[in-house]
Amino acid sequence: MLDQRLVRENPELIATQLGRRGMDVDLSSLQEIAQHQRDLEQQRSTLQAEGNRIGKEVGLKIKGGADPKGAEVAELRQQGNAIKQKVSVLEDEEKQVASKLKTQLLTFPNLPSAECPDGKDENDNIEVRRWGTPREQEGLEEHWAIADRLGLLDSERSVRIAQSRFVTLFGQGARLERALINFMLDLHGGKGYREVLPPVLVNSASLTGSGQLPKFAEESFRCADDDLWLTPTAEVPVTSLHRDEIIPGAQLPLKYVAYSPCFRREAGSYGRDTRGLIRLHQFNKVELYWFVHPDHSEEAHAQITADAEAVLQALELPYRVLELCTGDLGFSASRTYDLEVWLAGAGAFREISSCSVCGDFQARRSSIRTKEGKVTRLVHTLNGSGLAIGRTMAALLENGQQADGSVLLPQALVPYFGGDRIQPE
RNA sequence: GGAGAGGUGGCCGAGUGGUCGAAGGCGCAGCACUGGAAAUGCUGUAUAGGGGCAACUCUAUCGAGGGUUCGAAUCCCUCCCUCUCCGCCA
């Protein structure tokens, strides 16, 4: 959420920064609302101060022996009543204005970081580095074909169970999924991340806190009878772990690694990635999340990205790192690195992790602060996939496929999977 | 789902109409005492918003929202949540 004070005092800055995202916004009316709200608050509190004074005076007079029904007290009562009238009118208006302001503020995306490169869309993203050597070869299968041939998953039966864009994993496929989750949790757990297994049903305050609501309601599944939604990412429950808290400075940074299934409606993606494990309504993900002191989020961003990359390296999967341009930035992010893994069968890089620094954007929405001496400050938050499990499996299948039809797995997975190869059954 | 109890500061807990943002305790921080520590003593210790260079000051907040009153943590109404027992259940 944008800082209300900034809206009042420097709307031009906001407009300029949102302009870098490709938004053409006129903030003058919002600024007006914000100023109006502040004016109303000033008027109201001045009146309330006067009312409080009168209330106390009445108390003192009565205590001092004045007749509670006498003229002197009656006069004060009348003054009190008059003020009460005015306050209540102002209060009503102020509430309306404040709620209008809040509603609007919640719809604005984060301002891009100064470091974030300007650009229009994904074509303007900047490749930062590459790791590993992509396997390029004619006749390689795509992962869904491999998975089908090896009996690792069944999409058609999943339609019977749920609908399209769901998969059911079987046998070695199910075991590989489970192995990957454990492998990633262990890897990050060994690097100072605290493991959490959060609820995957989250309330709307949580979704608002991390930025999914109010704008992206159509992207999440909602429970009909409760204020609960299926979480689209563990980022949501983990952000709300500390909602409305003041975290002592000595505890920062807080680093969490959370496994969760993720649920996304994928509205508007009809026809894209309809086969296999790339785009599903339900998928597994291991998520990294940091709460950091506001002065240290840049270093943290480099580190969380490195931690996500470490998974790909351990799995010997070639990848590249893109820095997203302002036009491709997510709603809550101020700066993002995407990790794209090489899919040998498809012959393309595909996003497998997105590592973002959100500055104080989520912290303001979620009211998560830290304290230095007398000063409270909003913390900064960061999140990064470490990694999306389904896409990791896809990459392992495509990059590890062998001429004999089997799939060779990286050594790091052997203790988790119980072997170094998926064999045709 | 049925029955009951309860929501007060970081925590415990007092407070049933009048300088109550709230006693007391614990915890925490600083100072004193000490060779050092414990113990002890003193001082300080909520959040948000507004104003002020600042010292500071005003307003709001005792689960949430309404109401009564000159004045509400305290009285009334509605809602939410938590806990306990029973039922059901992994």
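Residue numbering restarts at 1 for every chain, and letters A, B, ... go by the order of the sequence lines. Everything numeric here is computed off the predicted structure, so don't read it as measured data.
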Please report the distance separating the [atom1] of [N] from the corresponding atom of [M], rounded so that it comes out in whole Å.
{"N": "B/rG24", "M": "B/rU19", "atom1": "P", "value": "16 Å"}
{"N": "B/rA39", "M": "B/rA32", "atom1": "C1'", "value": "14 Å"}
{"N": "B/rG71", "M": "B/rG87", "atom1": "C1'", "value": "48 Å"}
{"N": "B/rA73", "M": "B/rC20", "atom1": "P", "value": "12 Å"}
{"N": "B/rG10", "M": "B/rG63", "atom1": "P", "value": "13 Å"}
{"N": "B/rG17", "M": "B/rA72", "atom1": "P", "value": "14 Å"}
{"N": "B/rC56", "M": "B/rC83", "atom1": "C1'", "value": "44 Å"}
{"N": "B/rA29", "M": "B/rA48", "atom1": "C1'", "value": "23 Å"}

Give the rounded distance in Å between these two atoms: [atom1] of [X] and [atom2] of [N].
{"X": "A/Glu9", "N": "B/rG51", "atom1": "CD", "atom2": "C1'", "result": "12 Å"}
{"X": "A/Lys56", "N": "B/rC58", "atom1": "NZ", "atom2": "C1'", "result": "11 Å"}
{"X": "A/Asn203", "N": "B/rC81", "atom1": "CG", "atom2": "P", "result": "11 Å"}
{"X": "A/Leu6", "N": "B/rG49", "atom1": "CG", "atom2": "P", "result": "14 Å"}
{"X": "A/Glu91", "N": "B/rU61", "atom1": "CD", "atom2": "C1'", "result": "13 Å"}
{"X": "A/Gln37", "N": "B/rA48", "atom1": "CD", "atom2": "P", "result": "16 Å"}
{"X": "A/Ile368", "N": "B/rU47", "atom1": "CD1", "atom2": "P", "result": "16 Å"}
{"X": "A/Asp244", "N": "B/rC81", "atom1": "CG", "atom2": "C1'", "result": "14 Å"}

Tell me whether the side-chain N/O atoms of [X] come closer than 4.0 Å to OP1 or OP2 in [N].
{"X": "A/Arg38", "N": "B/rG51", "result": "yes"}
{"X": "A/Thr376", "N": "B/rU47", "result": "no"}
{"X": "A/Arg53", "N": "B/rC58", "result": "no"}
{"X": "A/Asn52", "N": "B/rC58", "result": "no"}

> What is the minimum heavy-atom distance between A/Arg369 and A/Asp244, and which atoms define it?
Replying inline: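 So the two residues come closest at NH1-C, 3.8 Å.
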
Closest nucleotide among [options] to the [X] side chain:
{"X": "A/Val58", "options": "B/rG50, B/rG18, B/rU19", "value": "B/rG18"}
{"X": "A/Arg44", "options": "B/rG51, B/rU59, B/rG49", "value": "B/rU59"}
{"X": "A/Ile54", "options": "B/rG50, B/rC70, B/rU59", "value": "B/rC70"}
{"X": "A/Ile246", "options": "B/rC58, B/rU47, B/rG50", "value": "B/rU47"}

> Using the benzene-type ring in the case of Trp, are the ring centres of A/Tyr289 and A/His242 under 6.0 Å apart?
Replying inline: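 For A/Tyr289 and A/His242, the ring centres are not under 6.0 Å apart.
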
> Aromatic ring centroids of A/Phe331 and A/Phe361 under 6.0 Å?
Replying inline: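 Between A/Phe331 and A/Phe361, the centre distance is under 6.0 Å.
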
> When all nucleic acid strands are considered with a 4.0 Å heavy-atom cut-off, which category describes A/Lys61: base, sugar-phosphate, or nothing?
Replying inline: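 Touches nothing.
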
>> Once you apply a heavy-atom cut-off of 4.0 Å, does A/Gln42 come out as touching a base, just sugar-phosphate, or nothing?
In response: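 If one applies the 4.0 Å heavy-atom cut-off, A/Gln42 turns out to touch the sugar-phosphate alone, with no base involved.
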
>> Applying side-chain hydrogen bond (donor to acceptor under 3.5 Å, both in side chains), can you list everything that pairs with A/Ser260, at least two apart in sequence or on another chain?
In response: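 side-chain hydrogen bond (donor to acceptor under 3.5 Å, both in side chains) list for A/Ser260, sorted by chain: empty.
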
Partner nucleotide, any strand, of [N] [Watson-Crick/G-U, under 3.5 Å]:
{"N": "B/rG36", "result": "none"}
{"N": "B/rU74", "result": "none"}
{"N": "B/rA14", "result": "none"}
{"N": "B/rC31", "result": "B/rG41"}
{"N": "B/rU47", "result": "B/rA60"}
{"N": "B/rG1", "result": "B/rC86"}
{"N": "B/rC20", "result": "none"}
{"N": "B/rG7", "result": "B/rC80"}

Side chains of [X] and [Y], heavy atoms from C-beta outward: is any pair under 4.5 Å?
{"X": "A/Val311", "Y": "A/Thr392", "answer": "no"}
{"X": "A/Asp360", "Y": "A/Arg364", "answer": "yes"}
{"X": "A/Phe291", "Y": "A/Leu252", "answer": "yes"}

Produce the list of close N/O pairs, under 3.5 Å, pairing protein atoms with atoms of nucleotides 62-69 of chain B; give distances to one decimal.
unit_1 : atom_1 : unit_2  : atom_2 : d
B/rG66 : OP1    : A/Lys95 : NZ     : 2.3

>> Taking the nucleotide of RNA chain B with the nearest heavy atom to each, does A/Ser367 or A/Gln48 sit closer to the 5' end?
In response: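 Its nearest nucleotide lies further toward 5', so the answer is A/Ser367.
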
>> By nearest heavy atom, map A/Arg369 and A/Arg8 onto RNA chain B; which one lands nearer the 5' end?
In response: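 Checking each residue's closest nucleotide, the 5'-ward one belongs to A/Arg369.
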
> Which distance, rounded to the nearest 0.5 Å, do you find between the OG1 of A/Thr231 and the CG of A/Leu207?
Replying inline: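 Reported to 0.5 Å precision, the distance equals 6.5 Å.
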
>> Do A/Asp227 and A/Ser204 pair up side chain to side chain, a donor and an acceptor below 3.5 Å, judged on atom types alone?
In response: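 Their side chains do contain a donor-acceptor pair, which is all the 3.5 Å distance test asks for.
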
> Under 3.5 Å, is there a donor-acceptor pair linking the side chains of A/Thr239 and A/Ser210?
Replying inline: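 No, A/Ser210 and A/Thr239 have no side-chain donor paired with an acceptor closer than 3.5 Å.
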
